[in-house]
**Student:** 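One structure, pasted below without further comment.
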Amino acid sequence: MSTLTKEENALEAAALAELKPRLRTGTLFRLREPLAKKTTLRVGGPADLYIEPDSERDLAEVLVFCARTGTPLMMLGRGSNLLIRDGGIRGVVVALNHANFTRIELDGARLRCGAGARLKAIANDAKRALLTGFEFLEGIPGNLGGALRMNAGAMGAATFDLVESVRSMDRAGNVLETAARDIPVEYRECAFFRDHIALGAVLVGKPAALAEIEIKMQANNRKRWDSQPAAPSAGCIFKNSPAIPSGRLVDELGLKGARIGGACVSTVHGNFIVNDENASARDVLELIELIKTKAKEERGIELRTEVQIVGEEPEI
Ligand code: EPU
């Protein structure tokens with residue numbers, strides 16, 4: 001007997017009949033695709049429908065299908081800042097992992113990068129091109145699309161410090177080129193990408209000597225390895241509040257090492273939850289609640305999650 005709900009069956013039927021025949025053979029199309037291993041935290045249920053388009057044309061087909069059928073759509077980056085609930089994701093999950101979205105092209109002091117390009121690859125290509133400013137990207141386990149959406153940052157720098165212009169697609173499948181100065185950004189947020197899909201960006205650096213770039217990269221790398229855990233995690237769980245960095249707060253609350261099921265507050269850095277014993281999303285969510293409650297009760301601080309929490313609770 002099928003355990004799918006009526007809505008899931010209807011989506012599968014519509015996607016197979018109306019969407020799949022319109023997609024090119026290079027586009028990956030999968031029903032009920034497990035997602036946990038596509039995230040760095042390694043928890044969460046499947047996507048109803050998972051698609052890796054091979055072109056902007058096929059991405060537009062998917063967006064138009066979603067708009068016409070009222071199907072929710074979620075973009076998946078490298079899943080490094082993501083907590084998917086155990087019931088998985090209703091609707092369509094799209095990832096821009098195809099080679100047509102991961103290109104990095106050098107043009108003077110500019111890098112034209114696809115949204116699927118890994119940040120580490122961008123940092124390394126910039127180094128080879130003797131461009132500075134990209135060093136902080138080296139240790140962020142994401143891709144450019146996710147970094148634009150979150151204005152990801154590290155080591156005092158943020159993604160939009162580098163962006164000159166952005167190529168994106170709206171929900172109707174239209175492509176836009178937008179100057180970075182016309183896109184408002186905040187700490188760890190860029191609302192423009194709530195309703196636009198990042199396709200790529202032009203990033204600008206400054207010429208520098210190889211040794212200078214290497215010294216910066218190595219210093220970042222050392223700081224990261226010394227202060228952040230290597231076990232599976234979703235990076236920092238909470239945004240920093242002006243009063244105190246969240247890692248220090250969790251540390252002062254005595255919560256490092258606190259555990260629920262397979263999820264544990266890192267003993268290395270208080271703002272990381274690591275999955276060291278086959279955690280479920282529920283374990284992680286309960287641990288987040290425990291930390292929030294203690295921060296509120298003992299210090300009057302309302303912690304806000306930085307990790308993106310998505311998907312459904314499992315049906316009982
Ligand atoms: N601290 C403690 N105990 C801890 C952890 C930190 O006392 O367990 C103290 C540190 O000693 C330091 C302060 O808290 O004085 C801040 O810690 P850290 O330098 O590690 O930086 P952070 O503010 O915790 C931020 C970003 C990280 C980024 C690092 C390095 C946020 C929420 N986090 O961390 O980003 O990698 O700086 O630049 O802004 C992420 O986005 O997922 C992420 C990990």
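Quick note: numbers below take in every heavy atom, side chains included, and nothing from hydrogens, waters or symmetry partners. As the structure lists them, so they are numbered: ligands from 1, and atoms in each ligand from 1.
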**Student:** Would you find a donor on one side and an acceptor on the other, under 3.5 Å apart, between the side chain of Asp125 and the backbone of Ile122?
**Tutor:** no
**Student:** What I want to check is whether the side chains of Asn100 and Ser55 have a donor and an acceptor closer together than 3.5 Å.
**Tutor:** no
**Student:** So which atom in Glu61 and which in Leu19 form the shortest heavy-atom distance, rounded to 0.1 Å?
**Tutor:** O-CD1, 3.8 Å
**Student:** Consider only side-chain N and O atoms of Lys239 and Thr305, and report whether a donor and an acceptor are under 3.5 Å apart.
**Tutor:** no
**Student:** Put together the list of close N/O pairs, under 3.5 Å, between ligand 1 and the protein, could you?
**Tutor:**
residue  : atom   : partner : partner atom : Å
ligand 1 : 3 (N)  : Asp251  : OD2          : 2.7
ligand 1 : 8 (O)  : Asp251  : OD2          : 3.4
ligand 1 : 8 (O)  : Lys256  : NZ           : 2.9
ligand 1 : 8 (O)  : Gly270  : N            : 2.8
ligand 1 : 15 (O) : Arg248  : NH2          : 2.7
ligand 1 : 19 (O) : Lys223  : NZ           : 2.9
ligand 1 : 20 (O) : His269  : NE2          : 3.0
ligand 1 : 23 (O) : Asn240  : ND2          : 2.7
ligand 1 : 24 (O) : His269  : NE2          : 3.0
ligand 1 : 35 (O) : Arg188  : NH2          : 3.1
ligand 1 : 36 (O) : Gln228  : NE2          : 2.9
ligand 1 : 38 (O) : Met155  : N            : 2.5
ligand 1 : 39 (O) : Tyr187  : OH           : 2.8
ligand 1 : 39 (O) : Arg188  : NH2          : 3.1
ligand 1 : 41 (O) : Arg188  : NE           : 3.4
ligand 1 : 41 (O) : Arg188  : NH2          : 3.1
ligand 1 : 41 (O) : Glu306  : OE2          : 3.3
ligand 1 : 42 (O) : Cys236  : N            : 2.7

**Student:** Okay, side chain of Asn151, backbone of Glu186: is any donor-acceptor separation there less than 3.5 Å?
**Tutor:** yes
**Student:** Do Ser168 and Ile197 come within less than 4.5 Å of each other through their side chains, counting heavy atoms only?
**Tutor:** no
